[in-house]
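Every chain is numbered from 1, with letters handed out A, B, ... down the list of sequences.
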Amino acid sequence: MNSTLIFQSLISGVMMGSVYALLGVGFSLTWGVMKVINVAHAAFGLLAAFFAYTVFHRYGIDPVVSLVLSVPFLFFLGCALYRFLLIRITSARAVIVSSMILTFGVAIILENLALLLWGADPRLFTTSYTSKVIIVGPFYFQYPPVIGFVMSVVGISSIYLFLKRTYVGKAVRAAWQQPEASQLCGINLGRISAITFGLAVASAGAGGVGMGLLYSFEPHSHNLWLIYLFLVVIVGGVGNVLGTAMAGLIIGVITGLSMAFLPYQWVNLLTFGLLMVILVVKPQGLFQSEV
Amino acid sequence: MTAILSGHDIEKSFGGLKALSKFNFEVMPGEIVGLIGPNGSGKTTLFNVISGLVRPDSGKIAFEGSEITRKPPHAISSLGIARTFQIVRPLRDLDLIDNVAIAVVYGRNEIFDMREARGKALETLEFSGLAHKAYSYPGELAIEDLKRLEVARALASNPRVLLLDEVFAGLNPKEISGAIELVFRIRETYGLSIVMIEHVMKAIMTACSRVIALHHGVKLADAQPREVANHPEVIRAYLGVEYAGN
Amino acid sequence: MLEIKEISVSYQRHCALADVSMTVEQGDFVALIGSNGAGKSTLINSVSGLTKISKGSILFQGETISGLSPDLIASLGLIQVPEGRKLFPLMSVEENLEIGAYLPDPRKMYARNLGKMFEMFPRLKERRKQSAGSLSGGEQQMLAIARALMAQPILLMLDEPSLGLAPIVTQEIFKILRELNDEGLTILLVSQEVLQSLKISRRGYLLENGSVNLTGASGDLLKDVRVKESYLGL
Amino acid sequence: MRRALLRKNASTLLLFGLSLFLVATAGPLFASQPIVIGGSLPLTGEFAETGKLIEKGMKFWAEEINAKGGLLGRPVEFKIYDDESNVGKAVTYAEKAITVDKVDLLFGGYPGTAARAVMPVAEKHKFVYVSMGGHMKSFEQGYTFSFGAPPLMGEWWYEGFFQWMETIPADQRPKKAAVYTMNNPVGSSLTGSIQKWTKQLGIEVVIDEKYNLPLPDATPLIMKAKQLNCDMLFANGFFGDGVMMIRAAKALDYNPKAILQGIGSVVPAWIKELGKDGDYVFSGTSLFNKLNFPGNDKLNAYARKEFNIDGYPLYFGFGYAWMQALAQGVEGAKSLDQTKIRDWLKTNKIETIAGPMTFDEKGLPAPINFCTQIINGQVELVWPLNVRTAEPVYPKPAWK
Amino acid sequence: MAIALIGLVAFPLFGPPVYFISFVFWVFLYVCLSSSWNLIGGYAGYLSFGHVAFFGIGAYATAMIGKIFGLSITMTLLATIPAGVISSFIAIIVGYPCLRLRGPYFAVITLCFSFVSQLTVKNLEFLGGADGLWLKSMDVPVLVNRTIFYELMLFLTVLTVWVSYLVGRSRFGAGLRAIKEDEEVAQTMAINAPRLKIMAFALSAFFPGIAGGIYACYLSYIHPDVVFDVNMSILQVLMALFGGASSWVGPVVGAVSLTLVNEGLSTFVKAELARIIYGLLFIIVIVFMPNGILEFFSRKRRKIER
């Protein structure tokens, strides 16, 4: 085993993990803040990826640029989903379970809508930079993962800054920590929740396009992505934005290292096995839950 | 007479905060002991330590002569130590009779059949004045009845020692009188020892044979109710300077 | 300024408030006393919109506010300091104050009000970067009050501000409330600390079993034996 | 009391619902005049893409045969269920088609796992089942009613390529091979012939690894192959992982003499989505749209009209060919008697768009050993020589 | 009740098309799976999202026992019982660390467990690896074959539902309910929560283990992708919650209604649309009956009573 291979594995693992984190951050937020496990989260990402694909092929607009259109759309879609559906189950005894069933329904609908609209064929983003690389010494940095990584850094840090620096973001955190007291401070819980959910769904859009840069996608791909979502969120600590980012990196490192040292056959098994161990040893994730 | 329940040098801190320090206590069979002190003085922590929900940092707790310090909560309660919770924690999806029947069937009653247990539960509910609401759900009850349910559930396991955590809080004077009467009846009927955390002084004064006062995890006094009530340090800590002068 | 007209509140089948009426005038300092569970918190939460009333109406500056959502009521200048403080524990002292000034008008005055708060509570200034959860009980209560003041209340309602505090701290807080009232702020105080709250307030209401049993000038209530009976249960 | 009441109601409700349902679905019991061909395809879920192509091929066949006056003088009609890419459902829908809809004929399913599970059902009900079969092992279970016409055998996938490789002077052959195989039935069926042939041709297998889908990242795999100077790459995967390998190879400027691909490159998406990067990949097939067999022209014309692509997609062809085989069995036996159809198929030669074929006792034709290569965005047949549509491009040009 | 049962037992004897036997076999399978899931997921409130692992383990254990000892298919069917035991045993081992987690964390760790077991089977050649395993098929006429599996599954399902019913009204079940409501309070009521949870988990793994074995013989071919299918895990959870997870009736109602609806949709509606309607159904049900169908109706009744 040589060091170039190990480091190359690590580099691409980390970039891959960062995109998982981007896809996962909104999922983590709704789970942590609103106690809603949005099983349709990845399906929304997929929707953005399909949209980006169409826009790219019709008008030659770059998939990443297409986010300018799809992110606001998903934001409103998310707000609407909260306003009209999720709000009805917030009084259920087990919000988490109910939300999972509800969003499971949403995911089925989205998947099959995509099937109707785009067909079942697998799709790829084939842009001018798809096979470009930056070569640093013996290492290769492919453009798509690098762009995914940059998107992830920008996306996650803007969500982080939004929560830490803006008034609305602070209101989101306040509403999570003390729903009642935040209302007494004049915060409209319904609106803040809708914004949070919209934001999360919008971030799924960015994550979906990021995933599209790395992998091919089909209407059912979101099921697979969802598993990665659970991975990053659990490792990173539910509701913890920076934790999610760290978790993405950790999972990337684990995948990278196991690809370098193990027969490939055992890589996926190791990832899930390790996650089980992490869960047993540190049930609340490696990082404290915090919004 | 030897103590039925005793603690020796119990220490517990959360983070930097000392909730209990070098705390000693004894409860004699058939005794009603009051536990008073301002909020955050460590009373509930003591209950949590005794019932096994919280592990003490050091110290020993003995029940009927044998040590129970590191036993899991279910083992401790199956020995015969039952408790109530300050903030009521009924099993919300079950009706009252089932709430109590579960305690019966897992308690020291030699009853293992749920139907039989429900019969016994009904008795306990009747004793606690809840028989007419046996098939209601906790969500439909007022706070007074929920407190009674807590007590009924603890009683149903047929304990030797009963730990009551602020059973009177939130009750009006009439209800308090009723609750005190219930406490007396419990001791008479079941002949068990009771430790009660209480803020309502009237209850403490009338019900307890002995009162332990706590402040910041330290024992301030351990004596007859009247004595403790007049203990200057207790008054300062618990009732406030104003009262001391009033 | 605040008019509560024969409101009733019931949880499930339990009646928490029955036909309660009370008024708070401009510049007034009203103490609402009564033993635990008498319905004081329910009353104040009904005013804030956290609890739905089943009967009656609540008017604030002549406008009906019953049925409005809590955030709308807060935006009218009716600010509550909730029981148990309910700070945002993972946020810093300063951020807590920022959320206090969340509404548009107070937000414009944020910088000025922040200075005022730090003047009034120098301890908070020292700990401005610290998370609210790490403060001591007294500091937390001060922060809770400061947070409410940041919203530039027209009527400030406090629910058990002395709960779990050392007597000295309680005195300090009550002193601040007195000063605020002297500066012209209308205050509605809910407290179990009968003696102290009656001492600093102008008028008092005694709530018992969900209804008003006694009302009058605080000085008179202080002397009334019925208060002692009700509260101490003697 | 309340509990007991509830219990009683629930069970009656349940029974009522069940019986209602049975009555509702038992409607189509009365067979109608047309010949009904039934079964299930994965129209939604994981394998929807392929399922839909097969469905289109089958429907095109029906259109055509109905225009010609039908089968045995009767029009044909499909009863297609969506098994949601679920094997268990495929099995029950096969049974539903046979026993409830009383279909006259059963059509073949997809993917291999489903086909394998349906084969014993077809056998039990004595229904001729023509499908791709998945791989050799499913034809070794002693089923007499199952046919692969044509089959898609992993075992044969690279035969044509190696046969062609044999014709190349030894010094021009690759020296070292990297074999990456997905860990599933399709993948493992590919590896046998690779081992046999590489040994025979003196190619050293330097890397032989399996991976489980989904492959998280292909970069390390390609880097390793590059470092070990493998001048031959076997990417025995599906579409997603196949694409990742190609892209990583290009990014890392890895230029083996030949890249061989598993299933991925036979779907239209390969050319459509990958563009130029998908060029020069070798694959195998048992069916090809440029073969000079009767019918292919029509299908290609149809594909151009309907899908706007040159040459019909592989699975579209499969759907069509399986129906062709079944229809010839029916016409040969002049009956819808399944045993007669089977016996006729076992003893006679049939003509399909994949060429003429006869079946052995397992239900398989002689090994089919076409080798394809993608050249300039077109799938070309490079082996056998007599049907070649283009010269293979070898060694593969360096990435641009 | 008894009449209904006799009706179900006798159903194949009326000679319905084989499909109906198979379809009802599937209904039974799902009733069995969701009812046994309900022991841990519904009664104790521990949502296991990887319960298909036990189904798969049972299927593979049965197939392997049959293979190793060269058993005939009839004997292999008997091997489902040790397969159930093996599946329970694995549940105990896995449950010990996993049951310390709660809520969604438990859901995720069990999900991981199902992936781990699926990938393990795939990677181990002696378990057939990625090729899967063939079992001997029964050399009897189709109708007889399907009837045998039907009756076996019926028996197992009735057994499962009966056990679920018994547990529901027993001391054990009461303890599980207390754990679901408030584990800490349950502990102070002398309920040995860790042990009860393990027991419930093991019991809830036993029936799927047997069901997996029967299924393996029914299909006569098993593959990790088929018997460890995560969709099956999710479906059994949804069925139980859909019906209402707090009693034994809920999973039965949920499994039957969802299977029927799904079948009806597949029969009468175009593929994608059928799925979309299916998705809408989940939304509608959860919005209007957040605690399951059963509770929706029983609560309604209670409101009227009052």
Please report whether the ring centroid of [Y] lies less than 6.0 Å from that of [X].
X        : Y        : value
D:Tyr129 : D:Phe107 : no
E:Phe242 : E:Phe282 : yes
D:Tyr158 : D:Phe234 : yes
E:Tyr150 : E:Trp26  : no

For chain D, which residues from residues 139-147 of chain E have at least one heavy atom closer than 4.5 Å to it?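 If one takes a 4.5 Å heavy-atom cut-off, the residues of residues 139-147 of chain E near chain D are E:Val142, E:Asn145, E:Arg146.
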Please find the pair of heavy atoms, one from E:Thr76 and one from E:Cys217, that lie closest to each other, and give the distance.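 In this case the closest contact between E:Thr76 and E:Cys217 is CG2-SG, 4.0 Å.
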Which heavy atom of E:Leu154 sits nearest to which heavy atom of E:Phe28, and what is that distance?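 Looking at all heavy atoms of both residues, the shortest contact is CD1-CZ, 3.4 Å.
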Does any heavy atom of chain E fall under 4.5 Å from the side chain of [X], the backbone, both, or neither of them?
X        : answer
D:Asn212 : side chain
D:Thr44  : side chain
D:Lys210 : side chain
D:Ser189 : neither

What part of [X] lies closer than 4.5 angstrom to a heavy atom of chain D: side chain, backbone, both or neither?
X        : answer
E:Val18  : both
E:Tyr218 : side chain
E:Ser220 : side chain
E:Glu125 : side chain

Taking it one step at a time, do E:Ser266 and D:Tyr93 satisfy side chain to side chain donor-acceptor pair (under 3.5 Å)? CA-CA 10 Å; E:Ser266 308; D:Tyr93 283 133; 3.2 Å; yes
Test salt bridge (Lys or Arg N to Asp or Glu O under 4.0 Å) applied to E:Lys122 and E:Asp225, step by step: CA-CA 9 Å; E:Lys122 262 192 194 174; E:Asp225 287 345; 3.0 Å; yes
Is [X] salt-bridged to [Y], cutoff N-O under 4.0 Å?
X        : Y        : result
D:Lys196 : D:Glu155 : no
E:Lys270 : E:Glu272 : yes
D:Glu63  : D:Lys59  : no

Using a heavy-atom cutoff of under 4.5 Å, enumerate the residues of residues 115-123 of chain D that contact chain E, numbered in order, or state 'none'.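 If one takes a 4.5 Å heavy-atom cut-off, the residues of residues 115-123 of chain D near chain E are D:Arg116, D:Ala117, D:Pro120, D:Val121.
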Is a side-chain donor or acceptor of E:Ser35 paired with a backbone partner of E:Val161 at a separation under 3.5 angstrom?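 Such a contact is absent between E:Ser35 side chain and E:Val161 backbone.
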So, D:Asp101 versus E:Tyr19: side-chain donor-acceptor pair below 3.5 Å or not?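 Per modelled atom types, D:Asp101 and E:Tyr19 side chains form no pair under 3.5 Å.
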Which one of D:Thr92, D:Val87, D:Val186, D:Ile80 has the most heavy-atom pairs closer than 4.5 Å to chain E?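 Heavy-atom pair counts peak at D:Thr92.
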When you look at E:Glu263 and D:Lys96, which way does the salt bridge (Lys or Arg N to Asp or Glu O under 4.0 Å) test go after all the steps? CA-CA 11 Å; E:Glu263 186 72 12; D:Lys96 187 173 189 178; 3.2 Å; yes
Do you know which of E:Trp134, E:Phe25, E:Tyr221, E:Tyr215 has the most heavy-atom pairs with chain D at a distance under 4.5 angstrom?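 Maximum pair count with chain D is reached by E:Trp134.
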